[in-house]
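Please read the structure below before turning to the comments.
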There are 2 protein chains.
Amino acid sequence: MPPAPHSRAPKRKPPSPKPEGEKRPGGIQSIRRACELLEAVARSPDGIGLAELSRSIGLHTSTAFHIAKTLVMLGYLRQMENSRFYRIGRPLFALASAALDEVELISAARPILAELAGATGETSYFGVMSGEKLVVLAKHDGSGAIRINDRIGNVRPLHCTALGKVMLASFPPEQLDAFLQSAQLQVFTRKTIRTAQQLRQEIAEVRRSGIAFDDGEVSEELRCAAVPVTNFTNQIIGSLGISGPSWRLSIQALHKNATALQQAAERLSSQLGARGNHRRVGDPENRQS
Amino acid sequence: MPPAPHSRAPKRKPPSPKPEGEKRPGGIQSIRRACELLEAVARSPDGIGLAELSRSIGLHTSTAFHIAKTLVMLGYLRQMENSRFYRIGRPLFALASAALDEVELISAARPILAELAGATGETSYFGVMSGEKLVVLAKHDGSGAIRINDRIGNVRPLHCTALGKVMLASFPPEQLDAFLQSAQLQVFTRKTIRTAQQLRQEIAEVRRSGIAFDDGEVSEELRCAAVPVTNFTNQIIGSLGISGPSWRLSIQALHKNATALQQAAERLSSQLGARGNHRRVGDPENRQS
DNA sequence: TGTAGCATTTCATATTATAAAATGATCTTC
DNA sequence: GAAGATCATTTTATAATATGAAATGCTACA
């Protein structure tokens with residue numbers, strides 16, 4: 001066939017100049033990219049267009065397009081008719097429900113969170129580990145007029161949240177070392193812990209006292225406290241916390257609520273089969289998520 | 001380089017005999033396969049091993065292994081330490097809950113409300129909790145000439161609306177107690193429930209039957225029925241109801257429409273990821289089988 | 001009307017995913 | 001307790017597949 005009418009001038013470079021001995025994160029590339037893309041879309045509650053999407057994850061438009069198209073075909077993404085923007089597809093919700101052997105955890109936690117919120121007047125949280133982060137599985141808003149802008153399913157860093165510090169304190173030494181070495185301690189406020197050494201001290205203190213605090217380390221306006229929750233294997237599987245605005249919830253107030261918090265955690269733990277005396281964070285022999 | 005020490009006798013077939021003009025479902029193969037794999041895992045609540053997994057989706061073990069390994073690396077799958085079985089990972093939960101916001105609820109509810117209104121001829125509503133009240137997120141007018149004067153975004157009390165009673169029935173005991181103690185039961189009509197004791201009985205009845213009614217408790221001229229809507233955490237996150245003028249919508253008529261209402265709620269719930277048998281309001285805390 | 005940004009398609013190519021086979025590891029069975 | 005069976009994992013050659021540059025066609029805005 002003669003050259004196409006448009007004569008596309010197929011001067012062409014090889015698809016990539018070969019990155020030359022760069023680090024290769026294992027696994028199948030396209031799957032990894034598809035997941036990054038999904039997460040980027042999930043981060044955009046109002047939807048996101050292809051251009052911004054591909055920019056945000058550092059892929060060529062064309063590549064991102066192919067991936068997105070595949071995900072749309074599978075229903076994992078939806079494309080809004082007018083704007084062409086992408087949103088998460090409903091079938092993913094069904095998949096997510098399978099992630100919940102947590103269902104039992106959540107069902108157990110919910111009434112206790114409600115009670116704790118009632119007793120303290122502050123917002124209560126229950127979180128577990130997910131990778132190197134903490135995910136909030138359930139919460140209950142406090143009685144006050146303000147609502148903390150933090151949703152179930154939100155993924156939070158470990159180094160600057162009370163819930164996260166509890167989990168860190170439950171790490172076995174090697175894992176903690178590994179975390180402290182590799183972790184990026186993202187800084188949110190003046191008060192955010194920013195060195196591994198500081199964090200190690202803080203964790204030692206959490207182990208000693210059995211309770212973790214966050215005094216304005218994520219947001220200057222918030223204070224939190226958290227304690228561990230254990231299951232029938234006596235392993236720490238999550239943490240329970242309360243959180244409130246700094247101007248109302250002083251450090252002293254937090255300490256006053258510590259007893260209620262501890263008791264709530266003990267009840268939750270015992271519902272999950274933990275026996276006898278409540279496990280303290282510092283005890284040896286711990287497991288990760 | 002000379003043959004490797006182990007000399008693996010690499011007699012080899014081409015990776016595939018080329019399927020020859022088979023149907024080609026578009027999209028990126030590995031992503032499609034990864035999703036099939038995820039869904040297969042999701043279908044196995046107790047986890048599934050690699051062999052059965054690869055069999056069930058028709059992939060070679062090796063291929064399935066690579067895909068699974070990638071997904072494990074990303075956290076989308078977890079591998080149980082002992083059995084090596086795979087289960088769905090928590091990041092998927094986080095992904096879904098990030099995406100399931102108010103906008104999503106509304107857009108999921110809208111077509112179902114339309115259909116419900118069409119089927120029953122009455123006005124349909126979808127509401128969620130906001131503070132100690134219920135807020136109407138979406139509605140669809142019935143076919144009749146009369147329009148109920150009630151707009152989207154309206155905030156309604158819990159004790160005298162069908163939508164609200166459903167939510168009350170979903171409260172854990174402590175929270176319900178707290179509500180009953182502190183709530184001001186505003187009186188609108190002769191029929192409005194005005195004592196905590198009465199309300200507690202009514203809620204018990206809602207729990208038993210799985211459906212709530214409002215028989216002229218807000219306005220003498222209106223009757224409503226409502227049932228719960230759940231999401232992928234199996235939590236009751238809202239309620240779906242129909243409402244119409246008392247002179248047309250008798251109690252019997254309401255009961256006749258109850259089935260349609262239930263079915264609509266189930267469809268909405270399943271779109272939001274709720275699995276299997278629809279959760280009844282009354283269940284203490286239901287468990288996964 | 002022109003230009004700019006975006007979504008989508010096409011296509012040559014090399015990167016990448018694939019599957020056969022080998023290798024252990026673990027569990028059955030006789 | 002050895003032989004077999006089943007399963008998970010690693011390796012590797014190969015070809016199929018995903019990739020990205022460029023082209024194309026949108027829509028919108030000035």
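Note that the structure is a prediction, hence the values are computed from the model and not measured.
Remark: P of D:dT17 and CD1 of A:I31 are 14 Å apart, rounded to the nearest angstrom. Protein atom CE of B:M80 is 17 Å distant from nucleotide atom P of C:dT26, rounded to whole Å. The distance between atom NZ of A:K69 and atom C1' of C:dT9, rounded to the nearest whole Å, is 8 Å. Distance, B:I28 CD1 to C:dT15 P: 18 Å, rounded to whole Å. In this structure, the CZ atom of A:R32 is 11 Å from the C1' atom of C:dT16, given to the nearest Å.
Residue B:T63 places at least one side-chain N or O under 4.0 Å from the OP1 or OP2 atom of C:dA19. The phosphate of D:dG20 has OP1 or OP2 within less than 4.0 Å of a side-chain N or O from A:R33. Checking the phosphate oxygens (OP1, OP2) of C:dT18, no side-chain nitrogen or oxygen of B:H60 falls inside 4.0 Å. Here B:Q29 reaches the OP1 or OP2 of C:dT18: one of its side-chain N or O atoms lies under 4.0 Å away.
Between B:F232 and A:F93, the ring planes lie parallel to each other; the angle is under 30°, not in the 30° to 60° tilted range. Note: A:F179 and A:F171 have perpendicular aromatic rings, judged against thresholds of 30 and 60 degrees for the angle between ring planes.
For B:L59 and A:H66, each mapped to the nucleotide of DNA chain C holding its nearest heavy atom, the one lying further toward the 5' end belongs to A:H66.
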Side-chain atoms of residues 65-77 of chain B: list all donor-acceptor pairs with protein atoms under 3.5 Å, sequence neighbours left out, distances to 0.1 Å.
unit_1: B:T70; atom_1: OG1; unit_2: A:I28; atom_2: N; d: 2.9
unit_1: B:T70; atom_1: OG1; unit_2: B:H66; atom_2: O; d: 2.9
unit_1: B:Y76; atom_1: OH; unit_2: A:E39; atom_2: OE2; d: 2.5

Short heteroatom pairs, N/O only, protein and nucleotides 5-8 of chain C, under 3.5 Å:
unit_1: C:dA7; atom_1: OP1; unit_2: A:L50; atom_2: N; d: 2.8
unit_1: C:dA7; atom_1: OP2; unit_2: A:L50; atom_2: N; d: 3.4
unit_1: C:dA7; atom_1: OP2; unit_2: A:A51; atom_2: N; d: 2.5
unit_1: C:dT8; atom_1: OP1; unit_2: A:R84; atom_2: NH1; d: 2.4
unit_1: C:dT8; atom_1: OP2; unit_2: A:Q79; atom_2: NE2; d: 3.3

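Annotation for A:E220: atom CD counts as buried by contact number, over 12 foreign heavy atoms lying within 6.0 Å. Summarising the local packing, CZ of B:R267 is surrounded by more than 12 heavy atoms from other residues, nucleotides or ligands at distances under 6.0 Å.
For the helix from C:dT1-D:dA30 to C:dC30-D:dG1, the terminal axes (five pairs an end, C1' atoms, rotation from four pairs onto the next four) enclose an angle of 40°, given to 10 degrees.
A donor-acceptor pair is defined here as one N or O able to donate and one able to accept, closer than 3.5 Å; such a pair exists between the side chain of A:S239 and the backbone of A:L163.
The side-chain contact (heavy atoms from CB on, under 4.5 Å) with A:L268 is formed by just one residue from the set A:T230, A:V229, A:N231; it is A:V229.
Note: B:I112 CD1 to B:L116 CG = 9.0 Å, rounded to the nearest 0.5 Å. B:R43 CZ to B:I48 CD1: the interatomic distance, rounded to the nearest 0.5 Å, is 8.5 Å.
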